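For reference, the structure is listed below as structure tokens.
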Protein chains: 2
Amino acid sequence: MLRPVNHLKTGLDMAKAQMDRFTDAQQDLARLAKALSHPARIVILEVLAARKVCLCGEVVDELPLSQATVSQHLKVLKEAGLVSGEIEGARSCYCVDWKSLSQAQDLISTWFKRADDIKRSCC
Amino acid sequence: MLRPVNHLKTGLDMAKAQMDRFTDAQQDLARLAKALSHPARIVILEVLAARKVCLCGEVVDELPLSQATVSQHLKVLKEAGLVSGEIEGARSCYCVDWKSLSQAQDLISTWFKRADDIKRSCC
DNA sequence: ATCGTTTATCGTCTATATACGATAAACCAG
DNA sequence: CTGGTTTATCGTATATAGACGATAAACGAT
């Protein structure tokens with residue numbers, strides 16, 4: 001595959017250019033993985049799931065992190081679509097986006113399954 | 001959960017201290033996700049799987065990245081255990097560690113399954 | 001209206017990730 | 001032994017991630 005001469009661009013241009021070379025599926029999977037790539041976010045999802053009902057900043061009490069940091073992690077999860085949040089007055093109410101989570105599960109398991117099929121077809 | 005006063009420590013001490021607060025399972029999953037959190041590494045795994053046999057730097061030809069960068073991504077995958085590599089003279093031969101990949105699959109699907117069970121038990 | 005509570009965001013700092021070119025080491029071929 | 005090939009690593013630059021305290025905005029309660 002042709003490789004661009006990247007040192008003529010800024011880092012940002014570069015990163016954007018690189019991304020074009022990957023398929024949507026590859027980028028989606030990587031994005032999802034990135035959202036799950038910090039233990040705090042794993043815990044947050046677990047906490048949100050366990051509480052069943054949405055909950056606000058009780059998440060902070062479950063984590064050894066400052067309120068600001070937890071809020072940032074929640075934002076990441078929200079941007080990844082794994083969590084949805086509503087503002088209720090002064091409070092914020094988060095909950096697991098089950099539909100999105102199940103799509104995520106599909107995405108991952110499909111990818112692994114395909115790899116597995118390849119393995120089985122040759123080894 | 002008690003939160004440490006972290007601004008009295010260096011960033012490194014801090015990060016290490018935080019990690020102690022997470023379970024092994026949570027950290028394992030996050031580590032795995034991190035290894036998969038870049039599209040280049042997804043592609044590399046796909047390429048290695050598709051070639052069936054191990055292969056060396058042909059991976060570079062499949063990616064829009066420099067040899068140095070690809071080598072770094074391979075190192076990340078190797079450190080995560082998803083890929084194994086052998087040096088054969090001047091060449092390096094990589095291949096998917098199928099056992100590790102299948103464990104990874106288990107780890108992930110177990111986690112999602114548990115979340116799903118929680119959902120089903122209440123909603 | 002004022003006070004306490006809650007939470008998102010700002011500013012900042014440090015660490016890590018990502019990319020590259022250059023280079024050195026290890027080999028193979030001649 | 002010399003020259004080409006391959007690849008890991010070094011050095012470097014930039015971008016992103018992750019943490020915090022401080023603060024402002026939005027409420028509810030008094």
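Note on naming: letters A, B, ... go to the chains in the order of the sequence lines (proteins, then strands), and numbering restarts at 1 for each one. Keep in mind that this is a model prediction, so the values were computed, not measured.
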A:Leu36 and A:Ile42 have their tightest heavy-atom pair at O-CD1, 3.4 Å
In whole angstroms, the gap separating C1' of C:dA19 from CZ of A:Arg21 amounts to 14 Å
In whole angstroms, the gap separating P of C:dT18 from CG of B:Leu77 amounts to 11 Å
**Asked** C:dA17 phosphate, OP1 or OP2: any side-chain N/O from A:Lys34 under 4.0 angstrom?
**Response** no
For this session: Taking atom types as modelled, find out whether B:Thr23 and B:Gln26 have a side-chain donor-acceptor pair closer than 3.5 angstrom.
Result: yes
Closest non-hydrogen contact found for A:Ala104 with A:Leu82 is CB-CD2, 4.2 Å
Hits for salt bridge (charged side-chain N to carboxylate O under 4.0 Å, His left out) against A:Asp116, two or more places apart or cross-chain, chain-then-number order -> A:Arg120
### Task
Pick base, sugar-phosphate or nothing for A:Gln72, based on heavy-atom distances below 4.0 Å to the nucleic acid.
base
Next on the checklist: Need one value for A:Lys78: base, sugar-phosphate or nothing, where a base atom within 4.0 Å counts as base even if backbone is also close, heavy atoms only.
Outcome noted: nothing
- prompt: Taking only N and O in the side chain of B:His73, is any of them less than 4.0 Å away from OP1 or OP2 of C:dA17?
  reply: no
Atom NE2 of B:His38 and atom P of D:dT16 are separated, to the nearest Å, by 11 Å
Parallel, tilted or perpendicular: which describes the rings of A:Phe22 and B:His38, with under 30° parallel and over 60° perpendicular?
perpendicular
To the nearest angstrom, the CZ-C1' distance between B:Arg31 and D:dA17 comes to 18 Å
Do any N or O atoms of the protein come closer than 3.5 Å to N or O atoms of nucleotides 2-8 of chain D, and which pairs are they?
| residue | atom | partner | partner atom | Å |
| --- | --- | --- | --- | --- |
| D:dT7 | OP1 | B:Gly57 | N | 3.1 |
| D:dT7 | OP1 | B:Ser92 | N | 3.4 |
| D:dT7 | OP2 | B:Gly57 | N | 3.4 |
| D:dT7 | O3' | B:Ser92 | OG | 3.4 |
| D:dA8 | OP1 | B:Ser92 | OG | 2.5 |
| D:dA8 | OP1 | B:Tyr94 | OH | 2.7 |
| D:dA8 | OP2 | B:Ser71 | OG | 2.7 |
| D:dA8 | N7 | B:Gln67 | NE2 | 2.8 |
| D:dA8 | N6 | B:Gln67 | OE1 | 2.9 |

Does a side-chain N or O of A:Ser66 approach OP1 or OP2 of D:dC20 to a distance below 4.0 Å, or not? yes
Comparing nearest nucleotides in DNA chain D, the 5'-proximal residue of the pair A:Val70, A:Gly89 is A:Val70
Separation of D:dA19 atom P from A:Leu63 atom CG, nearest Å, is 10 Å
### Query
Between B:Arg51 and B:Glu62, is there a side-chain N and carboxylate O pair less than 4.0 Å apart?
yes
B:Lys75 NZ to C:dC20 P, in whole Å, measures 17 Å
Contacts of B:Arg31 meeting salt bridge (charged side-chain N to carboxylate O under 4.0 Å, His left out) (sequence neighbours excluded), chain-then-number -> B:Asp28
